[in-house]
Amino acid sequence: MKINKNFDVVVIGAGAAGLMCAIEAGKRNKKVLIIEHSSKIAEKIRISGGGRCNFTNINSNSENFLSNNKHFCKSAFSKYTQNDFIDLVKKHKIKFHEKKLGQLFCDNSAKDIIEMLITECEIQKVEIILNTEIKSIIREENLYILETEKKVKFICSSLVIATGGLSIPKIGASDFGYKIANQFNLKVTNLYPALVPLTFKDDILEFCKSLAGVSIEASVKINKTIFNEGLIFTHRGISGPSILQISSYWKPDRSIEVNLLPKNSMDKTLKERRVKTPKQNISNVLSDFLPSKLAMAITSLLNINQKIGDASNSTLNQISNFINKLNVLPTGTEGYKTAEVTLGGIDTNEINSATMECKKYSGLYFIGEVIDVTGHLGGHNFQWAWSSGYVAGQNV
Ligand SMILES: Cc1cc2nc3c(=O)[nH]c(=O)nc-3n(C[C@H](O)[C@H](O)[C@H](O)COP(=O)(O)OP(=O)(O)OC[C@H]3O[C@@H](n4cnc5c(N)ncnc54)[C@H](O)[C@@H]3O)c2cc1C
C-alpha cells in the first residue's frame, strides 16, 4: 500500500540545526515534519561538552569559523545571536555557567538542552519520525517528493537538509547531505576530520606514550594561527583543546610548532639557573617549570644527564628549543571516529547566506555542519547550527 503525506516543510536530520529550523518554521504556522534515521534525536547534543553541552560562546563571531568564504556566516549570526539562544535557555530555566573563554555549559546535563528543543517542537506541533531512511528525493514542479525504504512518500514545498557532518558515525553521522548535494549538482568542498587528536610515529610517539595522561598549558602554531590552551599526551599522540583547535588548520606533511612552556623563555631561564644552581641536575631544574614526568622524558629523549653547571650553551639551546619551539610532524589524525566536526561541506557559493536556500533550486535548504562553515572549539559549532537553523526557519 502506498501512502502519500503532505507537509509544508520536511527537515531531514533531528540534530541541533534541524530542530531549531523546525521550531522556527512551526512558529510561522508551517506544517513541519522532521525525519531522523536514528532511533533517538540530537545524539550529538547529548554527548557534547563532556555531557554538559557547550551550547554557545559569549564571544562567538565570524572570526571563530573556517570556510572558503569567511563572510558567509555573518548574515545568520546577525539575525540570531548567542544572546538569542541564551534567552531561550533562560526561558526554560536551564542553569548554566561560563567555564572559560566565553564557553557556556549546562550546570546539570546536555539533556536539558534536548528537553528544551523537544518542548519547543511540541508547542509548535512539529512532527518527528525516527528510524526512517530516505531512499530517494525527486524534485517535480517546485515540490520535493521523498520516498522512504518502506515506500511511504512525503511531499513538501520546502526541503531542509540538516544531516550534519561525518564525525562519530556510530551515533548517526552519515554522508547523506553530501550525496544530496551531488544529486543536485552542487559543489562540495574537500572534507576533513577536524577538532580531532593528532597521531605520531617513531620517537615522538614513544615520547607521547610514556607521558600519556600528562597535561600542560601549551601554545601551538601553524603559520600565523596560534592557540594557547591545554595539551594532553595520549597513547596515540597529542590531544587537548589546543591540539583540537590547530587540527582544523593542519594538512598532511605540515609540521606544527609546539611551545610546551609559552610563558617562559627557557633559553634565558636555563642560562640564569646555570649560574644560580650549577649543582642541580638539568631534569630537576626543568621540573620547576614542567610536570616532572615531562622534564625527565625530555632529558631522556635528548640523551642529556648532567648538572646544569656543566652544560654547554649548545646543550641548553637544544633543551630550550625543544621546550619553546618543538617542531612536530603528525602522521595523521584519529579520523572521524573521534573528530568533533567535519571541516568543509556544501560550497557556500551554492547557498544564499540570507536564507540558507540553495541558489539553483528554490525550496531546497542546507543548514548546520553540512555546509562549509566550521567553528573553533568552544560552543561556536552549536551557535552556527542555531543561527543557520533559525534563518532557514524564517524562510521555508
Ligand atoms: C563528541 C562531540 C562533542 C561536541 N561538543 C560540542 C560542544 O560542546 N559545543 C559545540 O558547539 N559543538 C560541539 N560539537 C559539534 C556539534 O555537535 C556539531 O557541530 C552540531 O551538532 C552540528 O549540528 P547539525 O544539526 O548540523 O548536525 P548534527 O547535530 O550532527 O545532526 C544531524 C542529524 O542528522 C541525522 N542524520 C544523518 N544522516 C541522516 C539520514 N540519512 N537520514 C536522516 N537523518 C540523518 C543524524 O542522526 C543527526 O541526528 C561536538 C561534537 C562531537 C562529536
Side-chain angles (χ1 to χ4, degrees), residues 10-22 33-57 60 64-65 82 85 96 99 101-106 110 113-114 117 128-137 146 148-149 154 159-180 193-197 239 241 244 248 334-343 345-346 356 365-390 392:
V10 172
V11 178
I12 307 183
L19 291 163
M20 178 56 103
C21 172
L33 170 71
I34 307 182
I35 300 175
E36 167 62 51
H37 72 162
S38 302
S39 57
K40 291 181 192 158
I41 70 159
E43 276 291 88
K44 275 207 189 142
I45 298 181
R46 185 180 60 79
I47 63 164
S48 66
R52 290 227 162 86
C53 186
N54 178 194
F55 56 81
T56 193
N57 191 301
S60 203
N64 302 110
F65 290 83
Q82 50 273 59
F85 193 77
F96 63 91
K99 199 168 173 190
L101 305 169
Q103 302 165 2
L104 301 187
F105 285 75
C106 296
I113 300 291
I114 302 176
L117 296 167
I128 302 178
I129 54 168
L130 303 173
N131 299 310
T132 302
E133 206 73 55
I134 299 296
K135 220 182 78 199
S136 70
I137 298 177
L146 288 65
T148 69
E149 281 180 327
F154 297 104
L159 173 62
V160 183
I161 308 296
T163 45
L166 296 169
S167 59
I168 325 276
K170 72 172 186 221
I171 57 161
S174 83
D175 60 357
F176 185 86
Y178 313 120
K179 279 193 178 149
I180 296 303
L195 300 182
V196 62
S239 186
L244 299 186
S248 300
E334 288 189 9
Y336 290 113
K337 203 161 46 105
T338 51
E340 288 202 8
V341 288
T342 300
L343 179 68
I346 315 296
M356 296 295 138
Y365 295 78
F366 289 87
I367 53 173
E369 197 182 313
V370 74
I371 303 178
D372 171 31
V373 174
T374 309
H376 288 166
L377 191 78
H380 306 288
N381 284 297
F382 277 134
Q383 187 55 44
W384 169 243
W386 314 133
S387 297
S388 59
Y390 172 90

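As the structure is a prediction and not an experimental result, all values here were calculated from the model. As the structure lists them, so they are numbered: ligands from 1, and atoms in each ligand from 1.
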Practice item. Go through the structure and list residues passing ring-ring contact (aromatic ring centres under 6.0 Å, His included) with F55, not counting sequence neighbours. Key: F85, F96
Point to revise | Closest non-hydrogen atom pair, I45 against L117 | key: CD1-CD1, 3.7 Å
Practice item. Give the ring-plane orientation class for F382 versus W386, where under 30° counts as parallel, over 60° as perpendicular and anything between as tilted. Key: parallel
Point to revise | Partner residues of E334 under the side-chain contact (heavy atoms from CB on, under 4.5 Å) criterion, sequence neighbours left out | key: V196, P197, T199, R236, T338
**Study point:** Partner residues of S167 under the side chain to side chain donor-acceptor pair (under 3.5 Å) criterion, sequence neighbours left out
**Key:** K44
Practice item. Drop me the distance from Q383's CD to N64's CG, to the nearest 0.5 angstrom. Key: 10.5 Å
Practice item. Heavy-atom cut-off of under 4.0 Å around ligand 1: list whichever protein residues fall inside it, by chain and number. Key: I12, G13, A14, G15, A16, A17, I35, E36, H37, S38, K44, I47, S48, G49, N54, E133, A162, T163, G164, I168, G172, S174, F176, A339, E340, V341, G368, E369, G379, H380, N381, F382, A385
